[in-house]
K.L.:
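Below is the structure I would like to discuss, written out as structure tokens.
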Amino acid sequence: MELHTLINYEVLRVIWWLLLGVLLIGFAITDGFDLGTAALLPFIGKNDVERRIVINTVGPVWEGNQVWLITGGGAIFAAWPILYAVSFSGFYLAMFATLFALILRPVGFKYRSKLHDATWRKTWDWCLFIGGAVPALIFGVALGNVLQGVPFHFNPEQRIYYDGTTLFELLNPFGILAGLVSVAMLVTHGATWVAVKTQGAVESRARTIGSITGIATAVLYILAGVWLYMGIKGYAYSSPAVLDGPSNPLLKTAVGGVEKQWFANYGALPILWIVPILGIVGALLAAVLLKAGKALLAFICSSLSMTGIISSVGVSMFPMILPSSVDPSHSLTVWDTSSSHMILFIMLVVALIFVPIVLAYTSYVFYVLRGKVTRDSVDDSKTFSY
């Protein structure tokens with residue numbers, strides 16, 4: 001018996017579907033507070049010193065946090081190559097805008113304090129704001145469009161054709177609402193982080209804004225859920241699913257326009273309602289705890305809220321990953337989009353070895369960098385501060 005056959009192909013596919021979700025959640029929790037902090041920068045820092053305090057809460061850790069995004073892209077490429085090809089080509093303009101915004105962040109960190117000029121620094125502060133707010137919005141808009149279906153199809157040779165034309169097509173009403181959920185969620189997370197890492201007026205402003213955006217996150221998420229239930233039709237198999245079949249999305253048949261399909265899994269397995277409930281309750285608890293001055297607990301609740309909100313998309317769509325609005329039978333699913341049995345097994349072994357090492361190292365870094373960022377620590381004479 002070959003080693004990779006110790007785990008069934010269908011089980012490996014589900015494991016990597018779960019790991020993809022873990023990577024997305026890991027990115028949201030870690031780099032998410034970086035994005036949220038950057039989006040808050042012009043509003044919670046009223047002078048240059050306060051803004052430098054805010055920047056220095058994320059300055060030492062943002063590069064390590066962004067590794068989650070790179071790892072997620074690499075995992076999609078290796079474990080879900082068809083998904084990588086379709087999504088990275090179909091959402092090319094959106095990804096280009098996101099990358100441009102993300103590039104502003106390191107540039108802003110490095111150049112902001114090069115000159116002692118108010119206009120220079122304020123300009124870079126707004127660049128950092130763009131670097132935080134724009135990716136947060138686009139990530140949510142992308143997920144909103146995935147739930148509605150993406151305009152792609154294959155020819156008989158599996159060549160991909162994307163029938164969308166412009167970036168603005170993604171900015172439909174439901175996509176914008178999903179984007180607002182993402183922005184509110186990440187701003188709340190950023191506010192909890194700033195509240196943990198600062199003190200005085202900056203902490204107070206972060207707590208005030210975070211308590212408002214935490215409630216906004218829950219309200220907007222509920223509105224999106226109601227809209228999804230009442231007005232967004234889903235996609236489903238119309239032929240029996242072959243769980244261990246070849247990775248060829250053209251071998252199945254599927255239908256779109258299915259009423260309330262994105263809630264079918266909750267009806268089949270009611271315990272799954274824990275996932276969206278966690279998203280709502282976590283956001284509300286984060287808001288309450290921020291108001292009460294318990295920033296660390298608020299940060300934990302915000303992390304749980306993001307886990308619930310992001311997971312609810314995967315739970316709702318399973319086994320669909322990327323539905324096609326042009327031809328539902330060409331939709332990408334867990335059962336026909338993955339790499340081979342052997343590749344998934346090898347990747348799993350590698351992940352089991354290296355992910356714990358990365359988590360241990362990351363935990364150690366955050367432990368070493370624990371504590372508040374103060375006015376003294378961001379003195380202009382100290383070269384290690386931003």
Side-chain angles (χ1 to χ4, degrees), residues 17 20-21 24 28 76 80 82-95 97-98 134-154 160-185 217 219-238 249 252-267 275-276 279 308-334 336-337:
W17 174 78
L20 178 59
L24 291 175
I76 295 174
W80 308 98
I82 304 175
L83 173 63
Y84 179 91
V86 174
S87 59
F88 276 61
S89 58
F91 291 115
Y92 179 79
L93 292 176
M95 290 185 178
T98 301
V134 169
L137 177 66
I138 292 179
F139 290 145
V141 168
L143 282 179
N145 279 270
V146 167
L147 286 164
Q148 296 175 88
V150 179
F152 73 91
H153 69 281
F154 299 92
I160 303 163
Y161 291 89
Y162 182 75
D163 297 334
T165 55
T166 67
L167 174 62
F168 296 103
E169 287 182 343
L170 301 178
L171 300 177
N172 53 73
F174 184 77
I176 292 173
L177 177 57
L180 293 176
V181 173
S182 177
V183 170
M185 177 180 74
T217 299
V219 172
L220 290 170
Y221 179 58
I222 291 171
L223 286 175
V226 172
W227 192 339
L228 190 66
Y229 182 78
M230 301 296 294
I232 305 297
K233 297 178 180 179
Y235 297 77
Y237 268 92
S238 57
K252 69 174 181 306
T253 59
V255 293
V258 183
E259 296 281 353
K260 303 177 177 55
Q261 175 59 31
W262 293 150
F263 287 80
N265 287 336
Y266 298 104
V275 176
I309 291 173
I310 295 171
S311 298
S312 68
V313 177
V315 169
S316 296
M317 294 181 62
F318 185 86
M320 290 285 170
I321 299 180
L322 191 66
S324 168
S325 60
V326 176
D327 188 338
S329 292
H330 293 193
S331 299
L332 307 183
T333 76
V334 173
D336 58 20
T337 309

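In this text the structure is predicted, and so the values were computed from the model without any measurement.
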K.L.:
Nearest 0.5 angstrom please: Tyr229 OH to Glu259 CD, how far?
P.N.:
9.5 Å

K.L.:
So do the side chains of Thr333 and Met320 get within less than 4.5 Å of each other, counting heavy atoms only?
P.N.:
yes

K.L.:
Can any side-chain N or O of Ser331 pair as donor or acceptor with the backbone N or O of Pro323 at less than 3.5 Å?
P.N.:
no

K.L.:
When rounded to the nearest 0.5 angstrom, what distance separates OG in Ser312 from OH in Tyr221?
P.N.:
3.0 Å

K.L.:
Take the angle between the ring planes of Phe91 and Tyr162 and call it parallel below 30°, perpendicular above 60°, tilted in between.
P.N.:
tilted

K.L.:
Working to the nearest 0.5 angstrom, can you tell me the gap between Ile321 CD1 and Ile82 CD1?
P.N.:
10.0 Å

K.L.:
Could you report the tightest heavy-atom contact between Ile309 and Gly279, atom names first, then the distance?
P.N.:
CG1-CA, 3.8 Å

K.L.:
For the side chain of Thr337 and the backbone of Trp80, is there at least one donor-acceptor N/O pair under 3.5 Å apart?
P.N.:
no

K.L.:
Closest heavy-atom contact between Ala254 and Pro328?
P.N.:
CB-O, 3.3 Å

K.L.:
Taking the side chain from Lys233 and the backbone from Gln261, do they hold a donor-acceptor pair closer than 3.5 Å?
P.N.:
no

K.L.:
Return yes when atom CZ of Phe88 has more than 12 non-hydrogen atoms of other residues, nucleotides or ligands closer than 6.0 Å, and no otherwise.
P.N.:
yes

K.L.:
CH2 of Trp17 to CE of Met317: how many Å apart, nearest 0.5 Å?
P.N.:
10.5 Å

K.L.:
Is the shortest side-chain heavy-atom distance between Val134 and Thr98 below 4.5 Å?
P.N.:
no

K.L.:
Could you check whether any side-chain N or O of Asp336 sits under 3.5 Å from a backbone N or O of Lys252, counting only pairs where one atom can act as donor and the other as acceptor?
P.N.:
no

K.L.:
To the nearest 0.5 Å, what is the distance between CG on Leu220 and CH2 on Trp227?
P.N.:
11.5 Å

K.L.:
Please output the side-chain donor-acceptor pairs of residues 137-150 that fall under 3.5 Å, not counting sequence neighbours, one pair per line with the distance.
P.N.:
unit_1, atom_1, unit_2, atom_2, d
Asn145, OD1, Asn172, ND2, 2.8
Asn145, ND2, Val141, O, 2.8
Asn145, ND2, Leu170, O, 2.9
Gln148, NE2, Gly144, O, 3.2
Gln148, NE2, Asn172, OD1, 2.8

K.L.:
Distance only, no hydrogens: is a donor on one side chain within 3.5 Å (strictly under) of an acceptor on the other, for Asp327 and Ser324?
P.N.:
no

K.L.:
Considering non-hydrogen atoms only, spot the tightest contact between Ala136 and Ser182 and give its length.
P.N.:
O-OG, 2.6 Å

K.L.:
Please check this pair: side chain of Ser316 against backbone of Phe263, looking for a donor-acceptor N/O pair closer than 3.5 Å.
P.N.:
no

K.L.:
What distance do Glu169 atom CD and Asp163 atom CG have between them, rounded to the nearest 0.5 Å?
P.N.:
9.5 Å

K.L.:
Taking the inter-plane angle between the rings of Phe152 and Phe154 on a 0 to 90° scale, is it parallel (under 30°), tilted (30 to 60°) or perpendicular (over 60°)?
P.N.:
perpendicular

K.L.:
Please report the shortest heavy-atom distance between Tyr266 and Pro276, naming the atom on each side.
P.N.:
CE2-CD, 3.8 Å

